[in-house]
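Keep in mind that the numbers below use all heavy atoms, side chains included, and drop hydrogens, waters and symmetry copies.
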Amino acid sequence: MFFRAVWSLVLRKRGLGMRGIHSPGDAAHSKGKITPYTNYHAQRTYPMPDEPFCTELNAEQQALKEKEKGSWTQLSHAEKVALYRLQFHETFAEMNRRSNEWKTVMGCVFFFCGFTALLIWWQRVYVFPEKPITLTDERKAQQLQRILDMKGNPVQGLASQWDYEKKEWKK
């Protein structure tokens, strides 16, 4: 917020932030002027922007601005809303409403998870080689039997859990 205030002062010192001031015979968008809506920034933490939302008014809006200078009791509700919309882009309720951005984010997350799963499946089917013959259940059983027959690591290993007299695992 401090940076915003300093930046606003810098722009005003250089004459860059003056949109609504035009000399007679000068075009609205002349050299040194900035285009509309470039410095307008309203948010919940800083609800009063440096400049109004609409700076270039048509004939109807100018008539409404003139009517604003009179008594506000004579203004209808629609005219008060129109005046508010000339000054501010959104109300606090509109700023605080929930957005549906989470749906887009979750959709993208699920899309990329699905795409990744599809890519992994494709790699397993078409890219990776066949499983080695040693990973079949028959070969695994033969390897286990060989380890037990060799009595490998009889103190703490597999052989210590095998009962050689009953030919079954110890309980």
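Of all heavy-atom pairs spanning E79 and K67, the tightest one is OE2-NZ, 2.8 Å. Residues G152 and A159 approach most closely at O-CB, 3.3 Å, considering heavy atoms. Of all non-hydrogen atoms in E94 and E90, the two that sit nearest each other are OE1-CA, 3.3 Å. In this structure, K170 and S160 approach most closely via the heavy-atom pair NZ-O, 3.2 Å.
Taking hydrophobic clusters as Ile, Leu, Val, Met, Phe, Trp and Tyr residues chained together by side-chain heavy-atom distances below 4.5 Å, W72 shares a cluster with L86. Following chains of ILVMFWY side-chain contacts shorter than 4.5 Å, one can reach W102 starting from F110, so the two form part of one hydrophobic cluster. Hydrophobic clustering places L144 together with W162 (ILVMFWY residues linked when any side-chain heavy atoms are closer than 4.5 Å, directly or through intermediates). Linking Ile, Leu, Val, Met, Phe, Trp and Tyr residues whenever their side-chain heavy atoms come within less than 4.5 Å places Y164 and L158 in a single cluster. Transitive grouping of hydrophobic side chains (ILVMFWY, heavy atoms separated by less than 4.5 Å) brings W169 and I147 into a common cluster.
Checking side-chain atoms of N58 against main-chain N and O of Q61 turns up a donor-acceptor pair under 3.5 Å. Not one N or O on the side chain of K131 forms a donor-acceptor pair closer than 3.5 Å with the backbone of T136. For Q87 (side chain) and Y84 (main-chain N/O), no donor-acceptor pair under 3.5 Å exists by modelled atom type.
Annotation: the span from L118 atom CG to T116 atom OG1 amounts to 9.5 Å, rounded to 0.5 Å. A distance of 12.0 Å separates NZ in K69 from CG in L64, rounded to the nearest 0.5 Å. Here the CG atom belonging to L148 is positioned 9.5 Å from the NZ atom belonging to K167, to the nearest 0.5 angstrom. Distance check: I133 CD1 to R139 CZ gives 4.5 Å after rounding to the nearest 0.5 Å. The CD atom of Q161 lies 13.0 Å from the CD atom of E168; values are rounded to the nearest 0.5 Å.
Cluster partners of F115: none. The rule joins Ile, Leu, Val, Met, Phe, Trp and Tyr whenever side-chain heavy atoms lie under 4.5 Å apart, and it links nothing here.
Counting non-hydrogen atoms of other residues, nucleotides and ligands closer than 6.0 Å to CD of Q156 gives a total of 12 or fewer. The local environment of NZ in K151 is sparse, with at most 12 non-hydrogen atoms from other residues, nucleotides or ligands closer than 6.0 Å. Other residues, nucleotides and ligands place more than 12 heavy atoms under 6.0 Å from the CG atom of D163.
Residues L83 and K65 form a side-chain contact, since some pair of their non-hydrogen atoms from C-beta on lies under 4.5 Å apart. A heavy-atom distance below 4.5 Å is not found between the side chains of Q145 and Q142.
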Would you list the atom pairs, donor with acceptor, under 3.5 Å between side chains in residues 122-130 and any protein atom, with sequence neighbours excluded?
none

